[in-house]
Amino acid sequence: MDFSKAKLEAETDRLQLKLSALGWSREACLMIAPLTLQINLLKKEKNAIILAHSYQTPDIIYGVADFTGDSYALSLQASKTSADTIIFAGVRFMAQTAKILNPHKRVFLPSLDAGCSLADGITADDVRMLKRKHPGVPTVCYINTSAEVKAECDVCCTSANAERIIRALPEREIIFVPDAFMAKNLEAKTGKRLISWNATCIVHSGFDRRKIQQLRRFFPSLAVLAHSECPPEVAQEADMVGGTADMEKYVSSSNSESFLLLTECGLSDRLRAEFPSKRFVGSCSLCPYMKRNSLPLILRLLEDEPAKNEISIDADVARRARLCLERMFELSQDG
Ligand code: 13P
Ligand code: SF4
């Protein structure tokens, strides 16, 4: 597809508005302009939308995404869309969630390698074994799980509503899978006993409390925000523990000058673009799965609609997993 010089210049101006805060040069924006123009045209033609998780690269978020957010906001958005096709710029379990909520729409994942160490860390058989071992105990699964695992569980949760959902259940003992660290952090917050699994996130498990202590010496007013997937000893050092949307809210309303976000660096990039006057310190931790998606892969999806990238889920699994997600919306009062 060829675009006029004027069109390319206008698209470059649009991209530069956000991307320059992240160090993108005009030349770099001009280079991706033909891609973003083609993707946005094809989206309209096909009545498709792109949902992007906050960990995606800024060219996806500011170039082509129709909606960006945390896994909870994206699942709500997926449940409300009138588009015929959803392209999920995120990881597989997120695209599966969109498909479960939209059985009659087409859902695509740009990269086949966009997995997740938490979702890959537990199977439906593992959950059935836990339920046999603890009969009558309710089962909560983190949204970072496969459709098959959700189908075995009573209620789903995300980092944005996990505490609320654990508190809403009357039982004091709950099976919570698969994140061992998140379970410990939730036990500390709710005082309930959570029977968990041994999976962890390869990004968040790597954060170290000594790094926080070192940085606090250099930046005395530093606000430390930890994702609930961080190890408990890291969460204990933080000023706030929660999900990516909680971090965004905290940064937008805080008077602190500097922030350390203990999460994937896509969120720091995004907040740097949204709040250019605030300072984000610390090194970057990439999720190799989230970063598999790219503008060229998204364009190929829209052009060719490859069958291997389309999400399909067994009808009975999808029906049972949907009940688990609907219970989450009910308990989060968004149902
Ligand atoms: P959020 O639900 O906070 O967006 O987190 C998703 C995720 O994969 C964190 O690693
Ligand atoms: Fe999964 Fe961790 Fe990547 Fe989130 S950051 S998608 S939990 S591996």
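As the structure lists them, so they are numbered: ligands from 1, and atoms in each ligand from 1. Excluded from the calculations below are hydrogen atoms, water molecules and symmetry mates; all remaining heavy atoms, backbone and side chain alike, are included.
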Heavy-atom side-chain proximity of I49 to I87 below 4.5 angstrom: no

Part of Y72 within contact of ligand 1 (heavy atoms, under 4.0 Å): neither

Atom 3 (O) of ligand 1 [closest protein heavy-atom partner, distance rounded to 0.1 Å]: S159 OG, 2.7 Å

Region of H204 that comes within reach of ligand 1 [heavy atoms, distance under 4.0 Å]: side chain

Atoms of ligand 1 close to Y55 [distance to a heavy atom under 4.0 angstrom, numbered from 1]: 7 (C), 9 (C), 10 (O)

Ligand 1 contacted by H227 (non-hydrogen, < 4.0 Å): yes

Ligand 1 contact on N144 by region, counting heavy-atom pairs under 4.0 Å: side chain

Enumerated ligand 2 atoms positioned under 4.0 Å from heavy atoms of L118: 7 (S)

Contact partition for C116 relative to ligand 2, non-hydrogen atoms under 4.0 Å: both

Derivation and outcome, disulfide bond (SG atoms under 2.5 Å apart), residues C153 and C141: CA-CA 6 Å; C153 295; C141 60; 4.0 Å; no

Candidate pair E171 and K192, rule salt bridge (charged side-chain N to carboxylate O under 4.0 Å, His left out), full reasoning: CA-CA 8 Å; E171 292 84 355; K192 296 204 179 188; over 6 Å; no

side-chain hydrogen bond (donor to acceptor under 3.5 Å, both in side chains) evaluation trace for T244 with D70: CA-CA 6 Å; T244 52; D70 69 335; 4.7 Å; no

